[in-house]
> 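Structure in C-alpha cells, see below.
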Amino acid sequence: MRTLVIIPAYNEAENIVNTVTTLTTTCPFVDYVIINDCSKDDTAKICKENGYNFVSLPINLGIGGGMQTGYKYAMENGYDIAIQFDGDGQHNAEYIKDIIKPIEDGEADLVIGSRFINKEGFQTSFMRRFGINVLGAVLRICGKVKVTDATSGFRAASRPVIEFFSNYYAQDYPEPEAIIATSVSGFRIKEVPVVMNERTAGVSSISSFKSVYYMVKVTLAILIYKLVGKRWR
C-alpha cells in the first residue's frame, strides 16, 4: 500500500535534518512530504538545500491547517495510507510498520501510536498526563472510544480517512477532536504501543497556560460533537 508520511514543521530548523534522515534510513519504503507552516527560521531554506520534498504555506495555519494540507496532498497523489510524523524528532520511525499494520490487515481506519500502553520512553510531564487522562475519559464517555494517548500526533489514516480529513479537519489543537470526529463518523480506531523521544531542540508550542486552555477547549469541542451528534459522512 502506498504510504505517505506527513511531517508538519514550524520553526524546526534544528530538528528537520535529523528527522528526515532517520525516517528515510529506517523506512525507505515510504514517501514523505514536509509541510512548512510559514516558519520564521531556516526550515524552508534547509529543506530546499537538501532537496527535501516540501510544501511551504504562505501564511501560518497552525497544526490543523498544516495537517489538512498534508492530507489533501495525500488525497490528490493517490496514497493509501497517510502517517502524521512530527518534525521535532519525538516520533520514532521504527514504529511506522506497527502503526500501519492494522490498516494493511483491514482491522482499523485510524491507528494511534500510544506511549502509555507499555509506558516506555518519554512519558511527558505529570500535568500533561493528567490532561491526557481527562481527555481520554471524555472521549470514552462521549465517543465510546477507548484511547490512552488522546493527544498523540503519531497516527496513521486509511484512504477513506485521508479523504475525510482532507475535507474536515479540526484546527487549533486537532488530535483529540480528530478522534471524536472519526468515531462519530463510523470509522474504526485502534491504538498500538510506541516509544517516543523527548524533544532535543526547539520549544514546544504548548505552554503551561496553553495546556489548561487546550484541555478546556478540546473538552468543550468533544461535548459539542456529542450533543450535536453529527455524522460528517
Side-chain angles (χ1 to χ4, degrees), residues 4-27 30-50 52-57 60-71 73-74 82-96 98-99 111-116 120-129 131-132 149-157 169-176 178 193-211 213-214 218:
L4 176 73
V5 175
I6 304 167
I7 306 174
Y10 177 68
N11 293 343
E12 296 293 358
E14 296 181 78
N15 298 307
I16 197 65
V17 171
N18 182 64
T19 297
V20 174
T21 300
T22 302
L23 173 66
T24 54
T25 301
T26 307
C27 301
V30 302
D31 296 331
Y32 73 88
V33 61
I34 299 165
I35 308 298
N36 173 42
D37 194 13
C38 198
S39 296
K40 296 178 181 178
D41 64 1
D42 290 333
T43 298
K45 179 182 177 183
I46 291 170
C47 289
K48 187 174 182 180
E49 288 176 348
N50 285 277
Y52 294 157
N53 183 35
F54 74 104
V55 173
S56 275
L57 300 177
N60 180 262
L61 296 181
I63 184 63
M67 278 308 304
Q68 189 168 22
T69 301
Y71 284 117
Y73 181 99
I83 301 169
Q84 183 173 334
F85 192 84
D86 285 356
D88 59 13
Q90 292 193 71
H91 295 162
N92 194 330
E94 293 179 5
Y95 290 90
I96 282 180
D98 295 335
I99 288 281
V111 182
I112 301 166
S114 171
R115 74 202 100 172
F116 301 130
E120 298 175 348
F122 179 58
Q123 296 290 291
T124 196
S125 67
F126 170 79
M127 285 304 296
R128 289 199 184 182
R129 289 199 304 272
I132 290 168
D149 200 349
T151 65
S152 170
F154 191 13
R155 52 185 62 184
Y169 200 75
Q171 306 303 304
D172 204 4
Y173 302 116
E175 285 87 1
V194 300
V195 174
M196 293 191 188
N197 309 311
E198 190 169 4
R199 172 188 277 271
T200 56
V203 179
S204 173
S205 61
I206 303 179
S207 63
S208 296
F209 172 78
K210 282 188 176 180
S211 294
Y213 166 76
Y214 175 96
V218 175

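Only heavy atoms go into these numbers, but all of them, side chains included; no hydrogens, no water, no symmetry mates.
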> Between N36 and S39, do the side chains contain an N or O donor and an N or O acceptor separated by less than 3.5 Å?
yes
> If we check side chain to side chain contact (heavy atoms under 4.5 Å, CB included) with V20, which of these qualifies: T25, N15, I34?
I34
> Would you say the ring centroid of F85 lies under 6.0 angstrom from that of F154?
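For F85 and F154, the ring centres are under 6.0 Å apart.
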> Mind checking what makes side-chain contact (heavy atoms from CB on, under 4.5 Å) contact with K48, not counting sequence neighbours?
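Here the qualifying residues are F54.
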> Please tell me if the side chains of I7 and I35 come closer than 4.5 Å, counting only heavy atoms from C-beta onward.
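With C-beta onward as the side chain, the pair stays apart.
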> Begin from the C-alpha positions of V55 and V33 and carry the test side-chain contact (heavy atoms from CB on, under 4.5 Å) through to its verdict.
CA-CA 7 Å; V55 173; V33 61; 4.0 Å; yes
> For the residue pair Y10 and T43, establish whether any side-chain heavy-atom pair is separated by less than 4.5 Å.
no
> Among all residues two or more places apart in sequence or in another chain, which pass the salt bridge (Lys or Arg N to Asp or Glu O under 4.0 Å) test with D149?
R115
> Holding to side-chain hydrogen bond (donor to acceptor under 3.5 Å, both in side chains), I want the full list of residues that pass it with Y73, two or more places apart in sequence or in another chain.
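Only N53 meet the side-chain hydrogen bond (donor to acceptor under 3.5 Å, both in side chains) criterion with Y73.
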> Please tell me if the side chains of L23 and V5 come closer than 4.5 Å, counting only heavy atoms from C-beta onward.
yes
> I'd like to check S114 versus V194 (side-chain heavy atoms, cut-off strictly below 4.5 Å). Are they in contact?
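The answer is no, as the side chains (C-beta and beyond) never meet within the 4.5 Å cut-off.
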> Within a strict 4.5 Å, meaning less than it, do heavy atoms of the T19 and D88 side chains meet?
no
> Without hydrogens or angle criteria, can the side chains of D37 and N60 be said to hold a donor-acceptor pair below 3.5 Å?
yes
